Amino acid sequence: MKKGLIITAIAILLLVFVGFNSLYAVAENEYACLMRFSEIVGVTNEAGLHFKVPFIDSIRIFPDTTLIYDIPPSEVLTSDKKNMTVDSYIIWEISDPRTFYRTLGSTGEAEARLNAVTYNALKNLMGTLEQDDIINTEDASGRNDIYAGITTEVAELCTTYGINVLDVRIKRFDLAESNENAVYDRMISDRNQMAEKYTADGKYEASIIRNEVDKQVNIIVSNAEAEAARLEAEGEQEYMRLLAEAYNTADKKDFYEFMRALEALKASLTGDDKTVIIDKESALGKILVNP
């Protein structure tokens with residue numbers, strides 16, 4: 001009886017062990033490759049539990065997600081024979097797990113291959129461009145063309161590895177230390193030339209405005225002086241006319257002189273304690289002495 005129980009327990013344990021080795025789990029962001037004698041016999045990316053032949057089949061897991069690989073900085077040579085250091089990264093994914101396993105086998109090997117392929121693409125493309133075209137700050141769209149060209153070339157080469165390259169981006173271009181100062185000096189010189197041109201243009205425009213203002217001021221002053229001279233001439237003319245009317249007869253002449261004398265006397269007597277000395281032979285003296 002005891003022997004039968006022991007055999008039953010052993011059988012149950014074997015069944016549990018076999019059953020456990022017959023199942024494997026797949027996550028949502030994984031490819032599960034079913035391996036049999038080092039060959040892939042099945043691939044699935046359906047999350048959940050799946051069955052395999054125990055003790056014979058094994059499982060190889062690869063990521064089913066978008067991956068980012070930061071490529072180590074590398075030096076490239078431009079068409080004008082100047083060194084530049086390129087720091088870039090690549091966005092990629094596994095598109096064919098079977099081909100990926102057969103050609104590369106691991107993500108580490110894939111990153112090494114991506115590094116080499118991207119470096120070659122960068123070297124080939126940068127070899128067709130001059131340094132001034134690469135560091136051009138006036139037209140940023142030119143760098144987008146660089147990115148697109150590198151991405152296209154790398155993507156075409158990586159399809160043979162079961163890899164889909166989504167994008168290759170350059171984080172920065174660094175100048176080699178030997179020519180960094182020369183480039184900075186040239187950029188400073190260019191900016192100084194632009195500043196001098198703007199300053200010269202500003203001074204020229206200012207001189208035009210200043211000359212125009214001086215011209216308008218001269219015109220206004222000349223017109224004002226002419227108008228003043230005209231008004232002064234008209235006033236003198238009116239004054240002479242009034243004098244002529246005042247003296248055109250003897251009575252008017254006497255009356256005008258009398259009124260002017262009274263006005264002068266009135267003006268002289270304005271205020272307190274005034275003393276006026278008048279010649280008795282003067283017209284005003286004759287009026288006061290013999291009214």
Side-chain angles (χ1 to χ4, degrees), residues 26-33 40 43-47 60-180 182-184 186-187:
V26 180
E28 291 184 354
N29 58 347
E30 291 180 341
Y31 283 114
C33 297
I40 296 179
V43 176
T44 181
N45 60 350
E46 182 180 351
R60 189 69 179 269
I61 300 297
F62 295 118
D64 181 19
T65 185
T66 301
L67 304 172
I68 299 177
Y69 174 51
D70 192 1
I71 300 174
S74 57
E75 287 193 359
V76 294
L77 192 65
T78 61
S79 63
D80 49 351
K81 307 304 180 184
K82 294 180 181 178
N83 286 327
M84 295 192 70
T85 301
V86 183
D87 190 4
S88 59
Y89 66 92
I90 185 170
I91 302 174
W92 64 286
E93 62 185 6
I94 299 174
S95 58
D96 186 351
R98 294 176 183 270
T99 304
F100 181 82
Y101 173 75
R102 187 176 63 253
T103 57
L104 298 174
S106 67
T107 55
E109 182 64 25
E111 289 178 348
R113 193 62 53 89
L114 287 170
N115 188 4
V117 171
T118 305
Y119 172 72
N120 288 331
L122 284 169
K123 181 177 67 174
N124 294 336
L125 183 60
M126 297 301 156
T128 64
L129 300 173
E130 293 186 357
Q131 188 182 77
D132 291 344
D133 297 329
I134 298 173
I135 63 175
N136 178 22
T137 60
E138 303 296 333
D139 186 10
S141 62
R143 286 188 289 273
N144 293 330
D145 295 337
I146 295 175
Y147 301 151
I150 296 173
T151 301
T152 300
E153 184 174 349
V154 174
E156 290 177 354
L157 294 173
C158 289
T159 54
T160 58
Y161 305 120
I163 292 176
N164 180 29
V165 175
L166 302 176
D167 198 4
V168 177
R169 285 285 167 174
I170 298 174
K171 292 189 290 185
R172 57 182 296 173
F173 287 109
D174 283 334
L175 301 172
E177 187 175 356
S178 59
N179 62 349
E180 182 176 357
V183 173
Y184 286 157
R186 181 182 60 79
M187 294 176 67

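For clarity, every value in this text was computed on a predicted model and none was experimentally measured. These values consider heavy atoms only, across backbone and side chains, with no hydrogens, waters or symmetry-generated copies.
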Margin query: One thing to verify: whether R169 and D167 come together as a salt bridge, which I'm taking to mean a side-chain N less than 4.0 angstrom from a carboxylate O.
Written below: yes
Next item on the list: Not counting sequence neighbours, which residues clear salt bridge (Lys or Arg N to Asp or Glu O under 4.0 Å) with E93? List them please.
Entry: none
Item checked: 4.5 Å side-chain heavy-atom contact, L166 and I90 -> no
Check: Below 4.0 angstrom, N of the basic side chain to O of the carboxylate: do K171 and D87 qualify?
Finding: yes
Next item on the list: Identify the heavy atoms of P97 and I40 that sit nearest to each other, and give their distance.
Entry: O-CD1, 4.2 Å
Notebook entry, point to check: Which atom names give the shortest non-hydrogen contact between Y31 and P63, and what distance separates them?
Noted result: CD1-O, 3.7 Å
Check: Does V168 offer a backbone N or O that forms a donor-acceptor pair with the side chain of T151 under 3.5 Å?
Finding: yes
Check: Quick one: are E153 and N124 in side-chain contact, heavy atoms under 4.5 Å?
Finding: yes
Next item on the list: Please state whether the rings of Y101 and F62 are parallel, tilted or perpendicular, taking 30° and 60° as the class boundaries.
Entry: tilted
Item checked: Which atom of W92 lies closest to which atom of E111, heavy atoms considered -> CZ2-CG, 4.4 Å
Check: Do the side-chain N and O atoms of D64 and N29 include a donor-acceptor pair separated by under 3.5 angstrom?
Finding: no
Check: Which distance, rounded to the nearest 0.5 Å, do you find between the CE of M84 and the CZ of R172?
Finding: 10.5 Å
Next item on the list: Nearest 0.5 Å please: distance from the CD1 atom of I94 over to the SG atom of C158.
Entry: 12.0 Å
Margin query: To the nearest 0.5 Å, what is the distance between OG1 on T65 and CG on N45?
Written below: 12.0 Å
Checklist line | Pair L122-I170, side chain to side chain contact (heavy atoms under 4.5 Å, CB included): steps then yes or no | finding: CA-CA 10 Å; L122 284 169; I170 298 174; 3.9 Å; yes
Checklist line | Side-chain donor/acceptor of R60 to backbone N/O of G105, under 3.5 Å | finding: yes
Notebook entry, point to check: Does the side chain of T103 come within less than 4.5 Å of T160's, by heavy atoms?
Noted result: no
Notebook entry, point to check: Hey, are the side chains of T99 and Y161 touching, using non-hydrogen atoms and a 4.5 Å cut-off?
Noted result: no
Checklist line | S88: which of I71, I150, N115 passes side chain to side chain contact (heavy atoms under 4.5 Å, CB included) | finding: I71
Note to self: Please find the pair of heavy atoms, one from F100 and one from S106, that lie closest to each other, and give the distance.
What the structure shows: CZ-O, 3.5 Å
